[in-house]
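Since the structure comes first, as structure tokens, the remarks are kept for the end.
When a ligand or atom number is given, it counts from 1 through the structure's own listing order. Along the sequence shown, residues carry numbers from 1.
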Amino acid sequence: MIRTNDRALYRRQCTRWNTNCLVHNNLGTRRREKSLLLFMQRLSPGLVRPPPGHDNWGWNTTSDPCVAGWKGVRCDLTSQFIQRIVLEGLNFSGEFNVDSLCVIPSLGVISLKNNNLTGGIPGTISKCKRLTHLYLGGNRLSGQLPDGLSKLKNLNRLDVSNNEFSGGLPSLERIPGLITFLAQNNRLSGELPLFKLANFHDFNVSNNNFTGPIPDSKGPFRADSFRDNPGLCGSPLSIPCPTSPSPQQSSSPSPLQQSSKKRSFSSLDAYFGYMIIGLLVLAFIIYKITRKLESKKERKGNVKRKESAEYITNSSGMPNVNSRIHEISESRSELSITSAESGAVSLVVFPGPVAKNLKFEDLLRSPAELLGRGKHGTLYKVILNNGLKLAVKRIKNWRISPEEFDRRMHKVERVKHPNVMPPIAFYCSKQEMLLVYQYHRNGNLFSLLHERRGGEAINWASRLTIAAAISNGLAFMHLKLQDDGIPHGNIKSTNILFDEEAEPCLSEYGLMPVDGRDPPPLSENKTPDTSENYGDESMANESLALATRDGVFKDDVYGFGTVLLELLTGKMVQNDGQDLVKWVHLVVKEEWTAEVFDRALLSEGGNEERMVKLLQVAVWCISEVPGERPSMGRVAEIINAIKEEQEKSSSYDTLTL
Ligand SMILES: Nc1ncnc2c1ncn2[C@@H]1O[C@H](COP(=O)(O)OP(=O)(O)OP(=O)(O)O)[C@@H](O)[C@H]1O
């Protein structure tokens with residue numbers, strides 16, 4: 001779909017800018033044509049003509065590969081430089097003539113998958129300096145993979161699977177951006193290079209003769225990627241690696257060596273002994289000090305309870321912030337709060353059916369379970385005596401006055417949208433800020449996308465529904481709270497929860513300014529443009545306030561763009577140093593757009609044209625310059641249109657959790 005569009009666009013451009021095309025054609029392109037023809041002659045010895053059924057083969061000395069559109073040659077639309085050679089599944093039985101191809105400096109992609117090529121990969125492949133993708137899987141190529149491969153510093157994807165390659169691997173771990181390495185079903189041997197597997201998207205070396213340990217046991221790949229290598233060991237294979245004996249242990253030691261060994265062992269033993277005693281003494285001292293402090297605190301607490309001091313203790317371990325919410329377990333923690341201001345502040349409960357008669361004491365008395373410790377505070381699940389489950393956020397490090405907090409929460413609560421979770425109560429003193437929501441047990445979008453645990457991936461229609469619902473909610477909130485300068489401030493997939501009806505809803509609206517920034521307050525009922533009474537300075541201040549205010553709303557748009565990318569790619573925003581935004585920019589720039597999408601979506605047969613449209617919205621939202629990002633209103637409009645198209649064209653699957 002994308003390729004057809006590109007070609008159509010190119011034809012249009014070439015007709016419009018006909019002189020450009022002509023100029024380019026006359027600019028010494030003969031050399032590259034000759035090279036291409038040489039390459040083709042070796043690929044398909046004796047004939048440069050289309051295989052049966054391929055009419056527009058093109059390749060000849062009288063035409064320009066970009067203008068005439070030679071089969072398998074893709075060029076940059078404006079510069080007319082050759083970018084890709086893609087000749088897959090055409091039954092070519094010749095050789096891969098690297099030398100002829102690599103004289104084309106702009107070449108980024110070579111794909112000769114699923115032919116019958118023989119011979120090897122010459123070391124001169126290193127001259128293809130711009131190469132990002134090399135796909136040679138499914139041929140009969142043999143010999144060793146050359147060292148030249150490891151010099152391709154721009155290479156992202158390498159597929160040499162299903163060939164007859166043998167010998168050891170070159171130092172591919174030196175290629176910084178390599179994210180795909182497929183080498184299964186060859187006769188490769190030796191140890192695997194020290195790949196950082198956590199950075200890879202695809203990795204398979206199964207069915208070879210590799211030996212030694214699997215590098216980077218933290219990598220995300222299962223045993224399938226390594227199986228059928230008799231000498232390979234370590235996780236995720238269930239073959240433990242033998243602990244290699246030291247040379248001293250393997251050769252029989254001399255009596256002198258034996259005695260020195262004994263000596264060193266006994267001195268080691270002594271060191272350990274001292275260490276253990278030291279640790280025990282230290283532990284005892286710490287124990288004593290803590291006991292003392294605790295009893296002091298207890299005594300103080302008894303006195304102060306009347307005046308009340310406030311703090312929250314939590315004795316349970318901290319579950320993974322991103323993990324699904326666990327049902328309350330034995331390891332409970334107590335959310336104990338007392339008030340230092342003896343009733344000066346109290347819990348503000350918003351009117352509504354959920355927490356009608358909720359009292360501050362109810363929160364204090366109820367058991368609390370730690371749900372997660374985020375960037376902006378700690379979240380507890382609290383179960384009241386009447387069985388009501390609440391999520392209580394204890395906010396940290398927000399330099400905001402109690403009055404401003406109060407104002408914000410009232411404003412946010414008043415704006416109601418079905419896809420935005422309203423706060424049901426809050427508490428605010430000089431020492432403590434708490435925000436209370438209804439607890440939702442259906443998990444969040446992050447878990448749904450990335451912690452499937454063997455379950456099915458969510459389908460395209462559901463992802464589009466979620467994107468539309470959240471964009472609607474966010475656009476509505478922006479519209480209503482723009483003048484108050486209250487954005488969401490922390491849009492991400494863990495803040496998109498599924499309510500009791502499995503409807504997606506945005507949580508924690510307005511809770512935190514992004515990166516601790518709070519927009520400067522605007523003067524009540526005035527804007528700098530309309531008032532003529534402002535002096536220059538106040539005008540400047542107001543302009544700054546407006547710019548900052550707009551900026552924080554555009555930060556929300558960026559955050560929403562990253563959520564769209566998660567939905568489209570199925571990948572996490574940050575994964576062991578891999579940055580999703582950077583990766584998407586890179587792939588889209590290379591016009592290799594289809595690679596962005598989650599494979600589950602492609603194999604489900606999700607409509608690629610609509611996926612591309614949603615991707616365009618996402619890329620717009622993550623524009624580097626905030627001013628270039630669309631408003632949430634515009635974003636919602638486009639996504640709803642895509643969803644409508646989808647609904648018209650297919651019977652709609654219901655969202656299943
Ligand atoms: N009302 C709620 N009901 C149930 N689970 C919730 C609720 N609010 C948040 N959660 C979940 O609890 C976990 C911890 O939330 P928390 O807000 O502390 O983490 P975070 O979103 O990663 O961090 P932060 O928002 O502070 O940057 C997350 O998985 C989140 O999806």
- Message: If you count heavy atoms of other groups shown closer than 6.0 angstrom to CG of L602, is the number above 12?
- Response: yes
- Query: Side chain or backbone of L511 under 4.0 Å from ligand 1, or both, or neither, by non-hydrogen atoms?
  - Reply: neither
- Message: Counting only nitrogen or oxygen atoms and a 3.5 angstrom limit, does Y437 reach ligand 1?
- Response: no
- Query: Judging by distance only, is a nitrogen or oxygen of H440 under 3.5 angstrom from one on ligand 1?
  - Reply: yes
- Query: Between F203 and F226, what is the ring plane arrangement, given parallel below 30°, perpendicular above 60°, and tilted in between?
  - Reply: tilted
- Message: Can you name the atoms of ligand 1, numbered from 1 with element, that are less than 4.0 Å from a heavy atom of A391?
- Response: 1 (N), 2 (C)
- Task: Kindly say whether the aromatic ring centers of F360 and Y427 come within a distance under 6.0 Å.
- Result: yes
- Message: Please check whether N495 reaches ligand 1 - meaning an N/O of the residue sits under 3.5 Å from an N/O of the ligand, judged on distance alone.
- Response: yes
- Task: Side-chain contact test, heavy atoms from C-beta onward, threshold under 4.5 Å: evaluate it for N472 versus H417 and give yes or no.
- Result: yes
- Message: With heavy-atom distances below 4.0 Å as the criterion, list the atoms of ligand 1 near N444.
- Response: 28 (C), 29 (O), 30 (C), 31 (O)
- Answer yes or no for K492: is there a heavy-atom contact with ligand 1 below 4.0 Å? yes
- Message: Closer than 4.0 Å to some heavy atom of T494 - which atoms of ligand 1 meet that?
- Response: 20 (P), 21 (O), 22 (O), 30 (C), 31 (O)
- Item | Validation row, ring centre F181 to ring centre F195 under 6.0 Å | yes
- Message: For F350 and F426, take the angle between the two ring planes, folded into 0 to 90°, and tell me which bin it lands in: parallel under 30, tilted 30 to 60, perpendicular over 60.
- Response: tilted
- Message: Using modelled atom types and a 3.5 Å cut-off, is there a donor and acceptor pairing between side-chain atoms of D484 and backbone atoms of I486?
- Response: no
- Message: With nothing but distance in play, are any N or O atoms of T378 less than 3.5 Å from an N or O of ligand 1?
- Response: no
- Which of the listed options, L497, N442, L445, holds the heavy atom that is closest to atom 7 (C) of ligand 1? L497
- Item | Residues I622, H585; criterion side chain to side chain contact (heavy atoms under 4.5 Å, CB included); working and verdict | CA-CA 10 Å; I622 57 168; H585 276 312; 3.7 Å; yes
- Message: Is there a polar contact between ligand 1 and Y439, counting only N or O atoms under 3.5 Å apart?
- Response: no
- Message: What I'd like to find out is whether the side chain of V573 reaches to under 4.5 Å of the side chain of E566, using heavy atoms alone.
- Response: yes
- Show the numbers, then the answer: is there a salt bridge (Lys or Arg N to Asp or Glu O under 4.0 Å) between K571 and D598? CA-CA 8 Å; K571 297 187 196 316; D598 192 340; over 6 Å; no
- State the atoms of ligand 1, each with its element, that fall below the 4.0 Å cut-off from a heavy-atom position in G372. 14 (C), 18 (O)
- Message: At under 4.0 Å between heavy atoms, is it the side chain or the backbone of Q438 that contacts ligand 1, or both, or neither?
- Response: backbone
- Between K393 and ligand 1, which residue portion shows a heavy-atom distance shorter than 4.0 Å: side chain, backbone, both, or neither? side chain
- Query: Going by the order shown, which atoms of ligand 1 are within less than 4.0 Å of some heavy atom of N490?
  - Reply: 24 (P), 25 (O), 27 (O)
- In ligand 1, which numbered atoms sit nearer than 4.0 Å to a non-hydrogen atom of E508? 17 (O), 25 (O)
